[in-house]
Each structure stands twice: as C-alpha cells, then as structure tokens.
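Take a look at the structure set out below.
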Amino acid sequence: MRLSQFFLPTLKETPTEAQIVSHRLMLRAGMVRQQAAGIYSWLPLGHRVLTKIAQIVREEQDRAGAQEILMPTIQPAELWRESGRYDDYGKEMLRITDRHEREMLYGPTNEEMVTEIARASFRSYRDLPKNLYHIQWKFRDEVRPRFGVMRGREFLMKDAYSFDVDAAGARHSYNRMFVAYLRTFARMGLKAIPMRADTGPIGGDLSHEFIILAETGESAVYVDSHFLDQNLLDLPVDYDDVAGLQAAVDRFTSFYAATDEKHDATAAAQLGERLLSARGIEVGHIFYFGTKYSAAMGLTLQGPSGDKVVPEMGSYGIGVSRLVGALIEASHDDNGIIWPASVAPFGCGIVNLRVGDAACDAMAGELYAKAKAAGLDPLYDDRTESAGAKFATMDLIGLPWQLVVGPRGAKAGTVEVKERKGGAKLEMSIEAALARLAGA
RNA sequence: CGGAGUGUAGCUCAGCCUGGUAGAGCACUUGGUUCGGGACCAAGGGGCCGGAGGUUCGAAUCCUCUCACUCCGACCA
C-alpha cells in the first residue's frame, strides 16, 4: 500500500477527550474515530488490526473444535424473558421497539439465543458435544464508557458456547477453551494470566478471567512471576486428549494469580520474591455454568437410556476490540505504538526520505515491489513530507520494521533496517533486508 | 446514577471576569527555498462561538433551559 493513497488521518496533537495512552495513540494514529460516547468507527489502520486479531481468535477456536456461526445483533425480548434476564439486566441493556411495537434489544451477550438454536436442533445426546462461537458486535449501555475501545459501549467480541451431555464433558470443553485462550493470546505476543474469577450475572461455579499485565491496567493483580516464564506456545494441541488437557490446565492454574478481590495476602506472601504485584486488563473470560440456561429454556435431549438429558453449558468470551487497546497499553513508547508482528496492520514500512530524487525513488520502488512480492505487506511512505515527519508517522503507527531509503544509502546501495521495538538500526542491501524480515 | 468540568476553525487553545462586528499555533491551498527525526518564507481559504429562549441599542461574553462530551466515584468483556 502506498501511504499517499492510504486513508491515514494522523493527528499531531492529542484530542482532549483521550486520557489513557491507548486511546490517545489510536486517535493520533488514525485507527478510530469516536462517534458517540463509547462508540467508534474503525478506520483502515485500526480495522486491519481488528481483523488480524479476530483471525487469530478464529483460527484457535477452530483448532480447538469450536464452529463459527453468526448470530444477530438485534434480539427479541421474548427470548430473554424465558431466562428471566430481561428484567435482571437493567439499564445496561439497550432496549428497542420496532415499528410493530415489538420489544427488541441490542444483544449484550448471546446465551439465550444460542440456547434457542440448540433447542430447535439438538435431539439426541449423540448431537453433543458441540461448541458454537461467533464474532459479533455487542452493546452494553455502560453508565460511564471510558478508556477508548477498552471500555466502549459497542464492542466486538468473540463468544463461544459449549454443550455437553454431562459435567465431565463440560469440564473438557472448558479445558479446551482454557488452553485455546492461552495459545490465542500468546500468538498476539501477550502473556494472558488465567485467574479464578467470580461468575457474576452469568452464573455457574467455574470461571477464569484472562488478564494481561499493563501498567495502566484497570485492576490490581498479584501473580507468581514464574508464570511469566512459561512458554505458552508450547502447549499441547491435541484437544481430544482429555487427561492431557486437564494436566495442562492444572499446571497453569497451579501458579498463584489473583485479582484484587480474590487476593489472599497470606497465601501470596509465601511466594516471597516471586510475588509480582501489577496491574492488569481483562481480555477474556470463560465460564462453566451448568444447566442454568438449558434448564430455564427447556433445552432437553434424548439420553442414552431413554431418559431426558439437560445439557451442561459453558460460555467463553474474548474482547476482540478491547484487545486492540490492550495490546497498545502493553506495547508502546513515547513515540507511539509498537505492534507485535502477528497483529501489525502492515508487515513493514518503507520510508523514502527524498521523494523526487531519482536514486531514492528507484531504490524505494524496487524495495516496495520486492517486499510486496515476498508477502511482507509493506506500507510505502511515498509522500513528499520531511524526513522527520515520515519517521514520526512510522513510529506512531508502530509497524514492526522500518526500511529507510535515503540519499546516503541509495549511493551506497543500502537501506537502513530499523526494528520498531528497541529501535536498533542496521544498514544492509535490499536482499539482506528482505531476508532479515522474512526470517523474523 | 452521585460529584466536578468542558463545548469558539479539521486539531490544540486564547478571548468571556469588566458586552461593542472573532484570534493564535498546527493542519489545509498556491508559489518558492529546503531535505536523515514532526523544515522555512510569502500569499490564501476556512468559524450563524453546541442548541433554544431571555436581558440589552448591541451577546462568544450576562441570565434561564437544553443537548453533547470528558474526568472522579459506584458498576462492567
């Protein structure tokens, strides 16, 4: 993509309304525009990141055996009356009346709807287990939206819903998601720490929050620093191995990790030096809640011995749009964002310091063509801006690599390869630069 | 939902107290000079001062109401 043609409305100054760093940087980098309190439009740069995050989530859900569906944003109130949550949910639920005076709502979550789908289709215990997920916009009419996309009213979320014949099966479904979550976040360059959590209004008796550490995190967390040394990409991926998954879950839940409200100072103190006190951002939450919805909504199926079975359910959420902000909170510096390669909006930036200079244009053009051909997804800054402005833009938008072509290098036949993280710079040939990035 | 605050050019803000025909920097347009960390010179374009009502000869400025947004708190993926 040529930057001269790309829609990237960056801001030199920070809009007043943005307080935390991820919100400021997202506005400055032209990723999002606020349309109302807690409601955002996603511009090309932000949309690319959002899509990449969603794709990683999708791949890991699929790998763990979940199947993608897509449920609507607008739901009929009737469904929620069945579970009793229409009245329980309160003002957080955005209620809408259609032209026929039917009561509708903009879905804050989908347990009722997915249970209805299951009820309409599942007949026998042989239909289970199933895990259905979707990635969809949701709306919760927060009293006080803040922190940009991290606490918006409208947000993109992945939520999965598992159905099993019995508690043991449900436990396995839970463990699958548990491991899938560790892998998902690890692929984004994040260490997400599972912490035992309250089940809240969704109900149930087994629940973990996945929390990433960031200085600006919304809640205080306490964690065994040895957890951070674990290689999460090393996890088993045989999702049918019941004992193996349980062992993995047991291992990762054996580390001390607690949010403020669950913190046990006495137990934590035994860790001594290993106790890490930090702040965290919740990016995922998984629940096992048994038959809460299946029982309330009459989801039953034929069991193996002719009896009725009420399926055991769980639900598993990942805040996809929140992750965009969370990633920035976890990875930035004074100059801007530092994207992990797996979610970066472009693979690298190419900076032509002297547009109009024959040697620079030729070299940058060649580099751009070759980088594209190599699948490096380059963003080529071919604007006639000053060098400083171009460097500032590149640092701000945080692409993992910058390939700088200037008069100096053009004469010597080299480009400067700068790694955004750390800022290390090396002069090398075009071929060496491309090889360096391809190998990274 | 309680408390506090802000709405003036695309962005950051001044002007408001003490009413008198709307400003700066950045951004934008044109021309020129520059060119390795948000360049310089010159000339331009752009705002019914969030909205409604009121006071006044006259309102961005004073009064009333309203809408929006932000921050602190309680609450949440």
Side-chain angles (χ1 to χ4, degrees), chain A residues 9-20 23-24 27-28 30 33-39 57 89-93 107-110 135-160 181 192 197-198 200-202 207-212 218-219 259 261 280-287 315-326 334-336 351-357 360 381 383-396 402 404-412 414-416 418 423 425 427:
Chain A
T10 57
L11 305 171
K12 195 183 283 189
E13 291 177 278
T14 304
T16 345
E17 73 265 21
Q19 295 301 312
I20 63 160
H23 192 196
R24 285 202 292 260
L27 290 170
R28 286 195 52 215
R33 277 295 157 80
Q34 180 167 321
Q35 306 293 173
I39 299 176
V57 170
Y89 229 91
K91 291 194 165 182
E92 293 237 313
M93 179 185 279
T109 179
N110 289 70
I135 299 174
Q136 178 63 291
W137 292 93
K138 298 182 181 300
F139 195 94
R140 289 187 195 166
D141 200 359
E142 297 276 348
V143 206
R144 192 185 157 208
R146 60 183 122 172
F147 306 147
V149 298
M150 294 222 296
R151 177 102 178 264
R153 289 192 292 172
E154 189 184 50
F155 52 96
L156 187 62
M157 202 173 156
K158 184 284 298 184
D159 42 313
Y181 273 38
D198 282 324
I202 293 182
S207 176
H208 285 91
E209 290 178 350
F210 287 75
I211 291 183
I212 64 165
E218 54 201 326
S219 51
T259 54
E261 58 263 28
I281 300 168
E282 182 182 350
V283 291
H285 202 156
I286 61 179
F287 301 88
S315 73
Y316 316 89
I318 290 179
V320 175
S321 51
R322 166 179 280 193
L323 267 167
V324 180
D334 289 345
N335 294 327
V351 179
N352 183 347
L353 288 180
R354 190 84 61 93
V355 171
D357 175 272
C360 287
D381 190 346
R383 299 172 303 164
T384 52
E385 291 286 334
S386 70
K390 293 189 175 191
F391 288 133
T393 298
M394 275 301 164
D395 285 350
L396 175 61
Q402 297 172 18
V404 181
V405 175
R408 252 172 20 207
K411 188 179 284 183
T414 60
V415 301
E416 180 185 276
K418 174 182 158 185
K425 302 174 189 173
E427 295 274 341

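Fair warning: this is a prediction, and the values are worked out from it, not measured in the lab. Per chain, numbering begins at 1; letters A, B, ... match sequence-line order.
Here A:A36 lies in heavy-atom contact (under 4.0 Å) with sugar-phosphate atoms only. Contacts of A:P108 with the nucleic acid, taken as non-hydrogen atoms under 4.0 Å apart, are absent. Across all strands shown, A:E416 has heavy atoms under 4.0 Å from base atoms, whether or not it also approaches the sugar-phosphate. Heavy atoms of A:G152 sit under 4.0 angstrom from at least one base atom. When heavy atoms are screened at a 4.0 angstrom cut-off, A:R28 is found touching base atoms of the nucleic acid. Using a 4.0 Å heavy-atom criterion, one finds that A:K425 contacts the bases of the nucleic acid, with or without backbone contacts as well. Nucleic acid contact for A:T393: base, since at least one base atom lies under 4.0 Å from a heavy atom of the residue. Contacts of A:G406 with the nucleic acid, taken as non-hydrogen atoms under 4.0 Å apart, include base atoms. The residue A:K91 sits close only to the backbone: its heavy atoms come under 4.0 Å of sugar-phosphate atoms, none of a base. The residue A:Q34 sits close only to the backbone: its heavy atoms come under 4.0 Å of sugar-phosphate atoms, none of a base.
For B:G25, its base sits under 3.5 Å from the side chain of A:E13 at one donor and acceptor pair at least. If you check distances only, the side chain of A:R151 does reach the base of B:C75 with a donor-acceptor pair under 3.5 Å. Contact annotation: side chain of A:D395 to base of B:G37, donor-acceptor pair present below 3.5 Å. No donor-acceptor contact under 3.5 Å links the side chain of A:R383 to the base of B:G38.
In this structure, A:K390 contributes its side chain and A:N352 its backbone to a donor-acceptor pair below 3.5 Å. Side chain of A:Y181 to backbone of A:Y316: a donor-acceptor contact under 3.5 angstrom is found. The backbone N or O of A:T16 lies less than 3.5 Å from a partner atom in the side chain of A:Q19, making a donor-acceptor pair. In terms of modelled atom types and a separation under 3.5 Å, the side chain of A:R151 and the main chain of A:R146 share no donor-acceptor contact.
Which of B:U12, B:G38, B:C1 sits closest to the side chain of A:A392 comes down to B:G38.
Separation of the C1' atoms belonging to B:C11 and B:U18 is 31 Å when rounded to the nearest angstrom. Taking the P atoms as reference points, B:C17 lies 15 Å from B:U6, given to the whole Å. The same atom, C1', is picked in B:C1 and in B:G46; the two are 41 Å apart, to the nearest Å. On the C1' atoms, B:G15 is 14 Å away from B:G20, given to the nearest whole Å. B:U33 and B:G45 are spaced 23 Å apart, taking the C1' atom of each and rounding to whole Å. The gap from the C1' atom of B:C26 to that of B:A39 amounts to 14 Å, rounded to the nearest Å.
The CG atom of A:N110 lies 7.5 Å from the CD atom of A:Q136; values are rounded to the nearest 0.5 Å.
Centre separation under 5.5 Å together with a plane angle under 30° does not hold for the ring of A:F391 and the six-membered base ring of B:G36, so they are not marked as stacked.
If you measure from atom CZ of A:R144 to atom P of B:C69, you get 13 Å, rounded to the nearest angstrom.
Look at A:T16 and you'll find a side-chain N or O under 4.0 angstrom from OP1 or OP2 of B:U12.
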